[in-house]
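Please read all numbers here as calculations on a predicted model, not as lab measurements.
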Amino acid sequence: MPKRIGVYPGTFDPITRGHLDIIERGLGLFDLLIVAVAENLTKTPLFDVNERVELIGQEIKKYKNVRVESFNSLLIDYLRKKKAKTVLRGLRVISDFEYEFQMALINRKLDPGIETVFMMTSENYAPVSSRFIKEIARLKGDVSAFVTPNVAKRLKEKYELIDKGLIKNHGL
Ligand code: ADP
């Protein structure tokens, strides 16, 4: 039997407990789940693609059927290359729906063989988004409920460098 390979694409800037919850619940659906970090985006992330991959790598090393990679092509082409047929996405709030719905339809038009599967957030993580977490971290708030200790530490370090003017804040 061919392996069932799922791809969970996103920006992951940075990975949150909400993303990890989707990964944990999603991995039961596939023989292999690839977390695919989008490199080539119009928005400039706070963490560069290698940092985002590394942060995810540390969180997923405990699972043997999850892997992290970056990609900078069309998602559909990336799936073909990986011989994957399923895109995994998470839904938090109603406002996620419109964007996700459009993207799923467009991907289906581009390749009718690709199916998008949505997982509802766990209610604890409904308000968790990378954008708000960055805002809290920038203002020196406590993000420990939303990200792992390692990610919280990296956020703190990043904003310290920004505060000192050593790097530019691209993340907002
Ligand atoms: P993108 O920029 O592609 O939306 P994100 O990194 O923000 O990437 O999110 C990747 C995917 O994870 C999206 O499908 C998003 O809806 C989902 N997601 C993000 N946060 C959560 C959460 N707290 N609960 C469930 N799904 C989430």
Side-chain angles (χ1 to χ4, degrees), residues 1-41 43 45-133 145-152 154:
M1 252 235 324
K3 267 192 171 186
R4 287 166 311 160
I5 302 172
V7 170
Y8 179 31
T11 314
F12 305 105
D13 185 38
I15 181 127
T16 69
R17 291 189 190 276
H19 294 131
L20 288 169
D21 173 58
I22 295 289
I23 292 170
E24 243 166 58
R25 291 190 291 130
L27 60 85
L29 301 175
F30 305 102
D31 298 313
L32 173 67
L33 178 62
I34 304 175
V35 183
V37 181
E39 192 175 328
N40 199 357
L41 289 170
K43 48 186 176 184
L46 178 67
F47 292 95
D48 71 30
V49 68
N50 295 328
E51 292 174 307
R52 284 178 279 141
V53 166
E54 182 215 317
L55 287 173
I56 295 169
Q58 294 185 19
E59 303 301 336
I60 62 167
K61 58 182 178 217
K62 55 182 178 249
Y63 308 117
K64 62 176 190 314
N65 63 333
V66 186
R67 183 197 295 170
V68 61
E69 288 183 2
S70 61
F71 73 107
N72 61 5
S73 59
L74 205 55
L75 179 62
I76 292 297
D77 291 335
Y78 177 75
L79 265 95
R80 285 196 191 119
K81 206 167 85 189
K82 295 288 149 188
K83 299 193 171 17
K85 296 225 172 300
T86 314
V87 178
L88 176 65
R89 295 283 290 178
L91 285 176
R92 283 162 295 192
V93 285
I94 293 172
S95 54
D96 278 347
F97 179 80
E98 199 172 341
Y99 174 76
E100 295 290 342
F101 183 55
Q102 275 183 0
M103 201 162 75
L105 289 185
I106 286 171
N107 283 335
R108 189 186 293 161
K109 271 245 174 334
L110 292 174
D111 186 339
I114 299 291
E115 204 57 70
T116 306
V117 169
F118 294 101
M119 277 187 120
M120 295 294 169
T121 183
S122 300
E123 56 195 45
N124 287 347
Y125 301 122
V128 178
S129 76
S130 300
R131 189 162 66 93
F132 285 123
I133 290 165
F146 311 122
V147 294
T148 60
N150 183 49
V151 173
R154 293 289 290 273

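More than 12 heavy atoms of other residues, nucleotides or ligands sit less than 6.0 Å from atom NZ of K82. Applying the 6.0 Å contact sphere to CZ of R67 captures no more than 12 heavy atoms from other residues, nucleotides or ligands.
A pairwise comparison of heavy atoms in S130 and T16 identifies OG-CG2, 3.6 Å as the closest pair. Between Y99 and R89 the shortest heavy-atom distance is CE2-NH2, 3.9 Å. Between F146 and I133 the shortest heavy-atom distance is CB-CD1, 3.5 Å. Heavy atoms only, all atoms of each residue included: Y78 and A36 are closest at CE2-CB, 3.7 Å. Closest approach of T121 to A126, counting heavy atoms only: OG1-N, 3.6 Å. F47 and P14 get closest at one heavy-atom pair: CE1-CB, 3.8 Å.
Ion pairing between E69 and K81 fails under the 4.0 Å rule for side-chain N and carboxylate O. Ion pairing between D21 and R25 holds under the 4.0 Å rule for side-chain N and carboxylate O.
With sequence neighbours excluded, no residue forms a side-chain hydrogen bond (donor to acceptor under 3.5 Å, both in side chains) with N124.
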Item to complete: For side chain to side chain contact (heavy atoms under 4.5 Å, CB included), just list the numbers for Y8 and I23, CA-CA rounded to whole Å, side-chain angles, deciding distance to a tenth of an Å, and then say yes or no.
Response: CA-CA 8 Å; Y8 179 31; I23 292 170; 3.6 Å; yes
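The salt bridge (charged side-chain N to carboxylate O under 4.0 Å, His left out) pairs that include a residue from residues 113-129 are R108-E115, where partners are two or more places apart or lie in different chains.
The distance from atom CD1 of I56 to atom NZ of K61, rounded to the nearest 0.5 Å, is 13.5 Å. Rounded to the nearest 0.5 angstrom, E54 CD and N150 CG are separated by 7.5 Å. The CD atom of Q58 sits 11.0 Å away from atom CD1 of I15, with the distance rounded to the nearest 0.5 Å. In this structure, OG1 in T86 is found 8.0 Å from CG in L79, a value given to the nearest 0.5 Å. Here the CG atom belonging to L110 is positioned 9.5 Å from the CG atom belonging to L75, to the nearest 0.5 angstrom. To the nearest 0.5 Å, atoms CG (D111) and CD1 (I106) are separated by 14.0 Å.
A donor-acceptor distance shorter than 3.5 angstrom exists from the side chain of D13 to the backbone of L46, with no hydrogens or angles considered. Between the side chain of S129 and the backbone N or O of F132 there is at least one donor-acceptor pair closer than 3.5 Å. Formation of a donor-acceptor pair under 3.5 Å by the R52 side chain with backbone atoms of E39 is not found in this model.
Between F101 and F97, the two ring planes are parallel [angle under 30°; tilted spans 30° to 60°].
E98 and Q102 share no side-chain donor-acceptor pair at under 3.5 Å.
Side-chain contact between Y63 and E24: present, with at least one pair of heavy atoms (C-beta onward) separated by less than 4.5 Å.
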